[in-house]
Amino acid sequence: MQFQQQHPRTYSFEFFPPNTPEGVEKLRTVTQELARLKPKFFSVTYGAGGSTQERTLKAVLDVRAAGHAAAPHISCIGSTRAGLREILQQYKDNGIQHLVALRGDLPSGTAAGGELHYANELVAFIRQEFGRQFFIEVAAYPEYHPQAKSAHDDLLAFKRKVEAGADAAITQYFYNPDCYAHFVNECEKMGITIPIVPGIMPIGRFSQLARFSDACGAEIPRWIRKKLEGYGDDTDSIRAFGLDVVTHLCEQLLHAGAPGLHFYTMNQAELTTEIWRRLGL
Ligand code: FAD
């Protein structure tokens, strides 16, 4: 596994917007702890259809008030152009210059509606309305998006987001570095040159990881699943094994030339910090 490192490395951490006062307080502490690692930015997720609009903005402003760069996620499914314009204007007015632009997933059973149906349309809309005022990240799927008709169709969909004006991409998490290398090579062959930063999911609790992976289509390789299942409720062993696996994955990715790492922190500092320390970053 090897590809050309063409971009400076970017390290970033993802949060979700807390929904209790305790969660808000905890996130402040976690932000402080992770800020010591000097990431390029912290991103904050967004509930599709606007369900976390206020909380995402608040979390992003908290990160900025603590002196760090922040990038809100924004999704288009179920939203109108007017609604999206209003949110984007709010971000702009608050000095935000960096976004993660997504289609989003509505909860099952919810009718999609909305005026924009795919993330490339959202990227085009942001560029049309706000020019180059935002640096735009989009999602990429080294194991391919679960709803894609074919791998090739998914690559074409990714290319459309880049052509619409995306500056960089963050991937869905994965535990098999070969899929990432293959994906990056496929993108290069299609003339896609933006940085594609691997998304890294530290392993803390098996049940939670299995639930997420089932929902988003990320594969947990059989040997990892078997080991984690075998530990049962032994959280110390799960963490120890998870740290070894994820640190090794990051080492392989960086060695191969990946342009940085984006950690799905789950609003926890400990695992990310320990992986960081082991990587000697
Ligand atoms: P798209 O790029 O639009 O692709 C979605 C699917 O449609 C793919 O299967 C693609 O192949 C297909 N497709 C694209 N264009 C067409 C077309 N014209 N015709 C037919 N098919 C097409 N979700 C949230 O709700 N909130 C978040 O904050 C959030 N953050 C995320 C951050 C990252 C880094 C990642 C990787 C994912 C995140 N997600 C988030 C999940 C994401 O919203 C889902 O994976 C969603 O299903 C797809 O979003 P997308 O932006 O990749 O969509």
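Positions are given from 1 along the sequence. Both counts, for ligands and for their atoms, begin at 1 and track the order of listing.
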| Taking atom 38 (C) of ligand 1 as the point of reference, which of Thr52, Thr171, Leu102, Asp105 owns the nearest heavy atom? | Leu102
| query | Backbone, side chain, both or neither: what part of Lys149 comes under 4.0 angstrom of ligand 1, heavy atoms only? | reply | neither
| query | Which ligand 1 atoms does Ala139 reach within 4.0 Å, using its non-hydrogen atoms? | reply | 35 (C), 36 (C), 52 (O)
| note | atom 28 (O) of ligand 1: of His145, His73, Glu121, Arg103, the nearest heavy atom sits on His73
| message | Using a 3.5 Å distance criterion without hydrogens, assess whether the side chain of Arg160 forms a donor-acceptor pair with backbone atoms of Asn120. | response | no
| note | Restricting to heavy atoms, the pick from Leu122, Thr45, Thr56, Asp154 nearest atom 11 (O) of ligand 1 would be Asp154
| said: Please report whether atom 4 (O) of ligand 1 has a protein non-hydrogen atom at a separation of less than 4.0 Å. | reply: no
| Are Phe125 and Phe135 connected in a single hydrophobic cluster, I mean Ile/Leu/Val/Met/Phe/Trp/Tyr linked by side-chain heavy atoms less than 4.5 Å apart? | no
| query | Can you tell me how far OG1 of Thr247 sits from CD of Glu274, rounded to the nearest 0.5 angstrom? | reply | 7.0 Å
| note | atom 45 (O) of ligand 1 sits nearest the protein heavy atom Tyr141 OH, 2.6 Å
| Hey, which atoms in ligand 1 end up nearer than 4.0 Å to a heavy atom of Gln172? | 36 (C)
| query | Which ligand 1 atoms are under 4.0 Å away from a heavy-atom of Arg160? | reply | 15 (N), 16 (C), 17 (C), 18 (N)
| message | Using a 4.0 Å cutoff against the non-hydrogen atoms of Ile170, which atoms of ligand 1 qualify? | response | 34 (C)
| Is any side-chain N of the basic residue among Arg239 and Asp244 closer than 4.0 Å to the acidic one's carboxylate O? | no
